[in-house]
Participant: 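First the structure, which I've put down as C-alpha coordinates, then a few questions once you've had a look.
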Amino acid sequence: MRYWLMKSEPEEFSIDDLVAAPKQSTAWIGVRNYQARNFMRDQMQLGDGVFFYHSSCPEPGIAGLAEVSAPAYPDATQFDKKSPYHDPKATRETPRWVHVDVKLVRKTRLVSLAELREHQELADMRVLARGNRLSITPIEPGEWKFITQKLMKL
DNA sequence: GCCAACGTTGGC
DNA sequence: GCCAACGTTGGC
(Lines give C-alpha, C1' and ligand atoms only; values in the text may rest on other atoms or scores of the structure.)
Protein backbone atom coordinates (compact mmCIF):
# COMPACT_ATOMS: atom_id res chain seq x y z
CA MET A 1 0.00 0.00 0.00
CA ARG A 2 1.52 3.23 -1.20
CA TYR A 3 0.43 6.83 -1.60
CA TRP A 4 0.65 9.08 -4.64
CA LEU A 5 -0.04 12.57 -5.84
CA MET A 6 -1.50 12.80 -9.34
CA LYS A 7 -1.78 16.09 -11.19
CA SER A 8 -4.66 17.00 -13.40
CA GLU A 9 -5.47 20.29 -15.05
CA PRO A 10 -9.00 21.08 -13.87
CA GLU A 11 -9.82 22.56 -17.27
CA GLU A 12 -9.13 19.12 -18.67
CA PHE A 13 -10.43 16.98 -15.84
CA SER A 14 -11.27 18.31 -12.38
CA ILE A 15 -12.27 16.72 -9.09
CA ASP A 16 -15.87 17.65 -9.97
CA ASP A 17 -15.52 15.73 -13.22
CA LEU A 18 -14.41 12.73 -11.17
CA VAL A 19 -17.40 13.15 -8.86
CA ALA A 20 -19.68 13.19 -11.89
CA ALA A 21 -17.94 10.38 -13.79
CA PRO A 22 -19.56 6.96 -14.28
CA LYS A 23 -18.70 4.88 -11.21
CA GLN A 24 -16.80 8.00 -10.04
CA SER A 25 -13.84 6.48 -11.83
CA THR A 26 -11.50 7.52 -14.61
CA ALA A 27 -8.79 6.02 -16.78
CA TRP A 28 -5.64 8.08 -16.21
CA ILE A 29 -4.75 8.26 -19.89
CA GLY A 30 -2.27 10.51 -21.57
CA VAL A 31 0.81 10.19 -19.38
CA ARG A 32 3.80 10.49 -21.71
CA ASN A 33 6.64 10.68 -19.27
CA TYR A 34 8.71 7.61 -18.51
CA GLN A 35 9.16 8.24 -14.82
CA ALA A 36 5.45 8.72 -14.28
CA ARG A 37 4.69 5.70 -16.43
CA ASN A 38 7.10 3.56 -14.45
CA PHE A 39 5.41 4.52 -11.20
CA MET A 40 2.10 3.34 -12.63
CA ARG A 41 3.54 0.22 -14.25
CA ASP A 42 5.89 -0.94 -11.50
CA GLN A 43 4.61 0.37 -8.21
CA MET A 44 0.98 1.37 -8.19
CA GLN A 45 -1.35 -1.24 -6.78
CA LEU A 46 -5.05 -1.63 -6.32
CA GLY A 47 -6.19 0.43 -3.35
CA ASP A 48 -3.19 2.77 -3.24
CA GLY A 49 -4.12 6.21 -1.93
CA VAL A 50 -4.12 9.16 -4.32
CA PHE A 51 -4.15 12.89 -3.77
CA PHE A 52 -6.02 14.40 -6.71
CA TYR A 53 -4.11 17.60 -7.45
CA HIS A 54 -5.22 20.53 -9.57
CA SER A 55 -2.38 22.06 -11.58
CA SER A 56 -2.02 24.90 -14.08
CA CYS A 57 -4.98 26.76 -12.68
CA PRO A 58 -5.71 29.84 -10.53
CA GLU A 59 -5.37 27.96 -7.26
CA PRO A 60 -3.24 24.84 -7.56
CA GLY A 61 -3.55 22.29 -4.77
CA ILE A 62 -4.99 19.02 -3.54
CA ALA A 63 -8.69 18.88 -4.29
CA GLY A 64 -9.68 15.39 -3.21
CA LEU A 65 -8.81 11.83 -2.32
CA ALA A 66 -8.95 8.92 -4.70
CA GLU A 67 -7.63 5.41 -4.94
CA VAL A 68 -6.15 3.16 -7.58
CA SER A 69 -9.04 1.08 -8.91
CA ALA A 70 -7.27 -0.82 -11.69
CA PRO A 71 -3.58 -1.68 -12.09
CA ALA A 72 -1.66 -0.49 -15.15
CA TYR A 73 -2.79 -1.52 -18.63
CA PRO A 74 -1.98 -0.23 -22.14
CA ASP A 75 -3.15 3.28 -23.00
CA ALA A 76 -5.33 2.93 -26.10
CA THR A 77 -4.78 6.54 -27.16
CA GLN A 78 -1.16 5.78 -28.11
CA PHE A 79 -2.45 3.72 -31.07
CA ASP A 80 -5.02 6.30 -32.18
CA LYS A 81 -3.69 8.46 -35.00
CA LYS A 82 -6.35 11.06 -34.31
CA SER A 83 -5.55 11.37 -30.63
CA PRO A 84 -3.29 14.12 -29.33
CA TYR A 85 -1.67 11.33 -27.32
CA HIS A 86 -0.83 9.27 -30.39
CA ASP A 87 2.67 7.78 -30.35
CA PRO A 88 3.87 6.62 -33.77
CA LYS A 89 6.53 4.46 -32.17
CA ALA A 90 4.07 2.44 -30.11
CA THR A 91 2.55 -0.76 -31.48
CA ARG A 92 -0.08 -3.05 -30.07
CA GLU A 93 2.53 -5.77 -29.80
CA THR A 94 4.89 -3.51 -27.89
CA PRO A 95 2.88 -0.77 -26.23
CA ARG A 96 4.93 1.98 -24.75
CA TRP A 97 2.42 3.74 -22.51
CA VAL A 98 0.22 2.37 -19.76
CA HIS A 99 -2.10 3.86 -17.21
CA VAL A 100 -4.05 2.97 -14.10
CA ASP A 101 -7.68 3.69 -13.28
CA VAL A 102 -8.48 5.97 -10.38
CA LYS A 103 -11.73 6.26 -8.48
CA LEU A 104 -13.02 8.91 -6.14
CA VAL A 105 -12.84 8.44 -2.40
CA ARG A 106 -14.04 11.91 -1.52
CA LYS A 107 -13.81 15.48 -2.63
CA THR A 108 -12.12 17.58 0.06
CA ARG A 109 -11.57 21.22 0.70
CA LEU A 110 -8.83 22.57 -1.51
CA VAL A 111 -5.49 22.33 0.29
CA SER A 112 -3.56 24.82 -1.77
CA LEU A 113 0.04 24.63 -2.83
CA ALA A 114 0.68 27.75 -0.75
CA GLU A 115 -0.74 26.00 2.31
CA LEU A 116 1.33 22.88 1.71
CA ARG A 117 4.43 25.07 1.64
CA GLU A 118 3.68 26.43 5.09
CA HIS A 119 4.35 23.12 6.83
CA GLN A 120 7.83 21.90 7.67
CA GLU A 121 6.43 18.35 7.87
CA LEU A 122 5.75 18.49 4.13
CA ALA A 123 8.99 20.12 3.03
CA ASP A 124 10.19 17.00 1.21
CA MET A 125 7.14 16.60 -0.99
CA ARG A 126 8.22 16.40 -4.64
CA VAL A 127 5.43 18.68 -5.73
CA LEU A 128 6.94 21.46 -3.62
CA ALA A 129 10.39 21.09 -5.13
CA ARG A 130 11.69 23.77 -7.43
CA GLY A 131 11.14 22.98 -11.06
CA ASN A 132 9.12 19.89 -10.34
CA ARG A 133 7.13 18.84 -13.38
CA LEU A 134 6.49 15.20 -12.73
CA SER A 135 2.76 14.52 -12.95
CA ILE A 136 2.80 11.52 -10.60
CA THR A 137 4.88 11.56 -7.44
CA PRO A 138 5.12 9.27 -4.41
CA ILE A 139 3.81 10.53 -1.08
CA GLU A 140 5.27 9.35 2.22
CA PRO A 141 2.85 7.75 4.70
CA GLY A 142 3.64 10.50 7.20
CA GLU A 143 2.83 13.16 4.63
CA TRP A 144 -0.45 11.43 3.77
CA LYS A 145 -1.37 11.26 7.43
CA PHE A 146 -0.44 14.87 8.08
CA ILE A 147 -2.48 16.17 5.18
CA THR A 148 -5.55 13.99 5.66
CA GLN A 149 -5.68 14.25 9.44
CA LYS A 150 -4.15 17.59 10.36
CA LEU A 151 -5.07 19.68 7.36
CA MET A 152 -8.27 18.03 6.13
CA LYS A 153 -9.35 16.86 9.58
CA LEU A 154 -10.66 13.56 8.26
C1' DG B 1 2.59 36.12 -20.58
C1' DC B 2 7.05 35.12 -18.50
C1' DC B 3 10.51 32.13 -17.62
C1' DA B 4 13.05 28.46 -14.95
C1' DA B 5 13.50 23.72 -14.97
C1' DC B 6 13.64 19.67 -17.08
C1' DG B 7 12.89 15.85 -20.64
C1' DT B 8 13.55 14.58 -25.37
C1' DT B 9 15.54 14.77 -29.86
C1' DG B 10 18.94 14.46 -33.18
C1' DG B 11 23.42 15.79 -35.27
C1' DC B 12 27.96 14.66 -34.79
C1' DG C 1 27.69 8.93 -25.97
C1' DC C 2 27.77 13.99 -25.79
C1' DC C 3 25.35 18.03 -25.73
C1' DA C 4 22.92 21.98 -27.94
C1' DA C 5 18.48 23.01 -29.38
C1' DC C 6 13.95 22.64 -28.71
C1' DG C 7 9.41 21.75 -26.55
C1' DT C 8 6.68 21.33 -22.43
C1' DT C 9 5.29 22.07 -17.73
C1' DG C 10 3.45 24.81 -14.39
C1' DG C 11 3.88 28.39 -10.76
C1' DC C 12 3.78 33.07 -10.55
Participant: Please list, chain by chain and in numerical order, all residues satisfying side chain to side chain contact (heavy atoms under 4.5 Å, CB included) with D16(A), sequence neighbours excluded.
Facilitator: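 Listed in chain order: S14(A), K107(A).
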Participant: If the condition is side chain to side chain contact (heavy atoms under 4.5 Å, CB included), which residues does P141(A) pass it with, not counting sequence neighbours?
Facilitator: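 By the side chain to side chain contact (heavy atoms under 4.5 Å, CB included) rule, P141(A) matches Y3(A).
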Participant: Not counting sequence neighbours, which residues clear salt bridge (charged side-chain N to carboxylate O under 4.0 Å, His left out) with K7(A)? List them please.
Facilitator: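 None.
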Participant: Generate the contact string for nucleotides 5-12 of chain C. Rules: B means base contact, S means sugar-phosphate contact only, - means no protein heavy atom under 4.0 Å.
Facilitator: --BBBBSS
Participant: Using a side-chain heavy atom cutoff under 4.5 Å and only I, L, V, M, F, W and Y, what cluster partners does V68(A) have?
Facilitator: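 Taking Ile, Leu, Val, Met, Phe, Trp and Tyr as members, V68(A) shares its hydrophobic cluster with W4(A), M6(A), F13(A), I15(A), L18(A), V19(A), W28(A), V31(A), F39(A), M40(A), M44(A), V50(A), F52(A), V100(A), V102(A), L104(A), L134(A), I136(A).
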Participant: I'd like to check the ring pair (Phe, Tyr, Trp, His ring centres under 6.0 Å) partners of H86(A); sequence neighbours left out, ordered by chain and number.
Facilitator: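 Not a single residue meets the ring pair (Phe, Tyr, Trp, His ring centres under 6.0 Å) criterion with H86(A).
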